[in-house]
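Some notes on the structure that comes next.
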Amino acid sequence: MRHVRPLAAALACLLLAPACRAAPQGVALPDAPRLLASCTGRLSALLEHQWLMATPEAEATEDLRARMLALLAATTDPAPAPDITRALLAARVEAKAAQAALLTRATFGTPSPRAARRARSEIARCRALLPD
């Protein structure tokens with residue numbers, strides 16, 4: 001039962017992807033919230049991949065993702081404009097899709113050390129944003 005909610009969230013992300021792409025392209029997000037939204041998406045993809053592969057690191061990744069969400073909430077306006085909200089969601093969904101593609105290619109595709117390195121490097125960049 002504990003995997004039902006993440007699967008529902010993944011389905012929602014897939015269903016919302018077209019709407020996120022339709023978000024206004026001219027919305028200028030501050031660098032910090034955009035980076036944190038992107039990292040939240042990447043950590044979500046990593047967490048789902050770890051659940052799929054039944055790796056023991058999933059619990060630690062879940063904690064990292066929660067901390068990243070808290071940091072994102074702390075750096076954004078409590079009541080942002082709708083176009084900012086859409087742009088942040090779009091950044092999360094796009095980063096999640098990119099990370100999921102890297103992880104899928106590295107795990108299930110033809111051996112791709114480049115994809116695996118890139119996936120690790122993107123997550124390392126995100127981990128560096130969080131205090132220990």
Side-chain angles (χ1 to χ4, degrees):
M1 275 313 276
R2 100 174 217 194
H3 296 291
V4 171
R5 188 170 41 186
L7 290 174
L11 180 60
C13 286
L14 288 173
L15 293 174
L16 290 173
C20 292
R21 285 196 190 107
Q25 296 301 315
V27 175
L29 288 175
D31 288 339
R34 182 179 330 130
L35 178 60
L36 295 173
S38 176
C39 283
T40 301
R42 288 189 181 280
L43 287 168
S44 295
L46 176 61
L47 180 59
E48 289 175 9
H49 184 77
Q50 289 172 337
W51 283 335
L52 176 69
M53 304 304 291
T55 61
E57 295 87 10
E59 196 170 314
T61 302
E62 198 166 3
D63 178 57
L64 281 174
R65 183 182 170 277
R67 290 171 50 207
M68 188 65 69
L69 275 169
L71 194 55
L72 175 60
T75 60
T76 55
D77 186 8
D83 55 342
I84 297 294
T85 302
R86 280 191 299 271
L88 284 172
L89 182 58
R92 283 177 65 177
V93 170
E94 288 169 7
K96 182 177 180 179
Q99 188 71 19
L102 286 171
L103 292 167
T104 299
R105 198 170 341 156
T107 306
F108 303 112
T110 57
S112 177
R114 175 187 255 179
R117 267 193 316 274
R118 177 74 189 270
R120 283 191 305 270
S121 129
E122 291 293 340
I123 293 300
R125 184 177 76 146
C126 293
R127 285 179 199 255
L129 297 173
L130 294 170
D132 290 333

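- Residues Leu69 and Val93 fall into different hydrophobic clusters, defined by Ile, Leu, Val, Met, Phe, Trp and Tyr side chains chained together at heavy-atom separations under 4.5 Å.
- Of the inter-residue distances, the one linking Leu64 atom CG with Leu43 atom CG reads 6.0 Å to the nearest 0.5 angstrom.
- In terms of the side chain to side chain contact (heavy atoms under 4.5 Å, CB included) criterion, residue partners of Ala116 (sequence neighbours excluded) are, by chain and number, Ala106, Arg120.
- Between Glu48 and Lys96, the closest side-chain pair of non-hydrogen atoms falls below 4.5 Å.
- Sorted by first and then second residue, the salt bridge (Lys or Arg N to Asp or Glu O under 4.0 Å) pairs with a member in residues 66-75 read Asp63-Arg67; sequence neighbours excluded.
- Listed by chain and number, the residues in a salt bridge (charged side-chain N to carboxylate O under 4.0 Å, His left out) with Arg92 amount to none (sequence neighbours excluded).
- Applying the disulfide (SG to SG under 2.5 Å) test to residues at least two apart or on different chains, none of the pairs has a partner in residues 77-110.
- Under a 4.0 Å N-O distance rule, the pair Asp31/Arg34 qualifies as a salt bridge.
- Nearest approach of Glu62 to Leu47, heavy atoms of both residues: N-CD1, 3.8 Å.
- Other residues sharing a hydrophobic cluster with Met53 under the 4.5 Å side-chain heavy-atom criterion for ILVMFWY residues are Leu52, Phe108.
- With sequence neighbours excluded, no residue forms a salt bridge (charged side-chain N to carboxylate O under 4.0 Å, His left out) with Arg114.
- Within the 3.5 Å criterion, the main-chain N or O of Ala119 finds a donor-acceptor partner in the side chain of Gln99.
- The minimum heavy-atom distance between Pro33 and Leu72, with the atom names listed, is O-CD1, 3.5 Å.
- For the disulfide (SG to SG under 2.5 Å) condition, no pair includes a residue of residues 40-73, sequence neighbours left out.
- For the atom pair Leu36 CG and Leu130 CG, the distance stands at 8.0 Å (nearest 0.5 Å).
- Contacts classified as disulfide (SG to SG under 2.5 Å) and involving residues 76-132 (residues at least two apart or in different chains) are given here: Cys39-Cys126.
- For the disulfide (SG to SG under 2.5 Å) condition, no pair includes a residue of residues 42-115, sequence neighbours left out.
- The shortest heavy-atom contact between Ala95 and Ser38 is CB-O, 3.2 Å.
- By the side chain to side chain contact (heavy atoms under 4.5 Å, CB included) test, Ala98 is found to be paired with Arg42, residues two or more places apart in sequence or in another chain being considered.
- Partners of Thr40 by side-chain hydrogen bond (donor to acceptor under 3.5 Å, both in side chains), not counting sequence neighbours: none found.
- Arg125 meets the salt bridge (charged side-chain N to carboxylate O under 4.0 Å, His left out) test with Glu122; sequence neighbours excluded.
- The two residues Leu102 and Arg118 come nearest to each other via the heavy atoms CD1-CG, 3.5 Å.
- Taking CZ of Arg105 as the reference point, atom OG1 of Thr110 lies at 9.0 Å (rounded to 0.5 Å).
- Scanning both residues, Leu71 and Leu129, for their nearest heavy atoms gives CD2-O, 4.1 Å.
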